[in-house]
Amino acid sequence: MDPSSAGSTRSAYKAWSEFDPPTHVRELSRSGGNVDIDSNISPARYIRAMNQMEKTSHYYLKEGKHEQAYVLLNKLVTIFVEKLPSHPAYKTLDSKSRAEGNKIVKRAFPIAEDLKHKLTQKYVNLKETSMKELEQQLECADKSSPIQTDTPVSQDTEPALQVDATSEQDSQTDSLSTSTTQTV
């Protein structure tokens with residue numbers, strides 16, 4: 001591993017150490033709850049849209065796209081429980097449509113709760129394995145690094161350099177004296 005990748009590994013390690021799985025799941029939940037309703041669209045149409053969201057979330061689950069399913073289920077629960085009651089035409093919604101909305105939410109809520117726990121566990125496991133891999137990479141980088149900044153410079157190196165410089169001067173002097181004796 002080259003020294004430049006050790007720096008990126010350290011920053012990745014720091015990022016993973018700061019990663020909090022429950023907070024990440026809450027962020028997914030918030031993104032699902034970020035819904036606005038339009039008062040020009042009938043509440044019955046929102047109920048039909050919720051039905052479609054439920055079907056799509058099941059498709060996501062089959063495909064292994066748990067994050068998308070979780071966000072979509074949170075979105076449909078938020079629409080029915082928090083947003084739709086404030087719709088101006090909500091009071092005119094027939095009881096059959098309200099019952100359908102209740103059924104959708106009752107089916108969606110336990111799935112969303114189960115996904116919440118699964119996603120939290122998935123992120124905890126991902127964090128643990130990523131941290132272990134990065135620790136191993138950092139250990140390898142530290143072992144293979146040719147320059148160790150913590151090691152003090154040996155006192156023996158300086159005299160050796162001086163000896164080499166002296167021996168060079170001696171050899172130059174010897175070659176000069178040889179050339180002068182030949183010319184005389």
Side-chain donor-acceptor pairs of residues 47-57 under 3.5 Å, sequence neighbours excluded:
residue	atom	partner	partner atom	Å
Glu54	OE1	Arg107	NH2	2.8
Glu54	OE2	Arg107	NE	2.7
Thr56	OG1	Gln52	O	2.9
Ser57	OG	Glu54	O	2.7

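Arg45 pairs by the side-chain hydrogen bond (donor to acceptor under 3.5 Å, both in side chains) definition with nothing, not counting sequence neighbours. Evaluation of the side-chain hydrogen bond (donor to acceptor under 3.5 Å, both in side chains) rule for Asp114 yields Lys118 as partners, not counting sequence neighbours. Shown here are the side-chain hydrogen bond (donor to acceptor under 3.5 Å, both in side chains) partners of Ser42, two or more places apart in sequence or in another chain: there are none. In this structure His87 satisfies the ring pair (Phe, Tyr, Trp, His ring centres under 6.0 Å) test with no other residue, sequence neighbours excluded.
Here the CD1 atom belonging to Ile111 is positioned 11.5 Å from the NE2 atom belonging to His66, to the nearest 0.5 angstrom. If you take CG on Leu93 and CD on Glu100, they are separated by 11.0 Å, rounding to the nearest 0.5 Å. Taken from CD1 in Ile104 to CD1 in Ile79, the straight-line distance is 10.0 Å, to the nearest 0.5 Å.
A heavy-atom distance below 4.5 Å is not found between the side chains of Val25 and Pro22. Side-chain contact between Phe80 and Asn102 is present, with at least one heavy-atom pair separated by less than 4.5 Å. Side-chain contact between Leu61 and Leu115: present, with at least one pair of heavy atoms (C-beta onward) separated by less than 4.5 Å. Using a 4.5 Å cut-off on side-chain heavy atoms (C-beta onward), Thr120 and His24 make no contact.
Summarising the geometry of Ala108 relative to Leu73, their closest heavy-atom pair is CB-CD2, 3.6 Å, with the distance given to 0.1 Å. The nearest pair of heavy atoms linking Asp94 to Ser97 is OD1-OG, 2.9 Å.
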Q: Show the numbers, then the answer: is there a side-chain contact (heavy atoms from CB on, under 4.5 Å) between Leu76 and Tyr46?
A: CA-CA 9 Å; Leu76 77 85; Tyr46 279 106; over 6 Å; no

Q | side chain to side chain donor-acceptor pair (under 3.5 Å) evaluation trace for Arg98 with Ser95 | A | CA-CA 5 Å; Arg98 282 189 193 188; Ser95 60; over 6 Å; no

**Q.** Derivation of the side-chain contact (heavy atoms from CB on, under 4.5 Å) call for Lys116 and Tyr70
**A.** CA-CA 7 Å; Lys116 178 181 178 180; Tyr70 181 69; 3.7 Å; yes

**Q.** Test log, rule side-chain contact (heavy atoms from CB on, under 4.5 Å), inputs Gln121 and Leu126
**A.** CA-CA 8 Å; Gln121 190 58 48; Leu126 182 64; over 6 Å; no

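Applying the 6.0 Å contact sphere to OH of Tyr90 captures more than 12 heavy atoms from other residues, nucleotides or ligands.
In this model, no donor atom of one side chain and acceptor atom of the other lie less than 3.5 Å apart for Asn34 and Ser31.
Both Val81 and Ile41 belong to a single network of hydrophobic side chains, linked directly or stepwise wherever heavy atoms of I, L, V, M, F, W or Y lie under 4.5 Å apart.
Remark: side-chain polar atoms of Thr78 are paired, donor with acceptor, to backbone N or O of Asn74 under 3.5 angstrom.
For residues 59-78, every residue pair satisfying the salt bridge (charged side-chain N to carboxylate O under 4.0 Å, His left out) rule, not counting sequence neighbours, is listed here: Glu67-Lys122.
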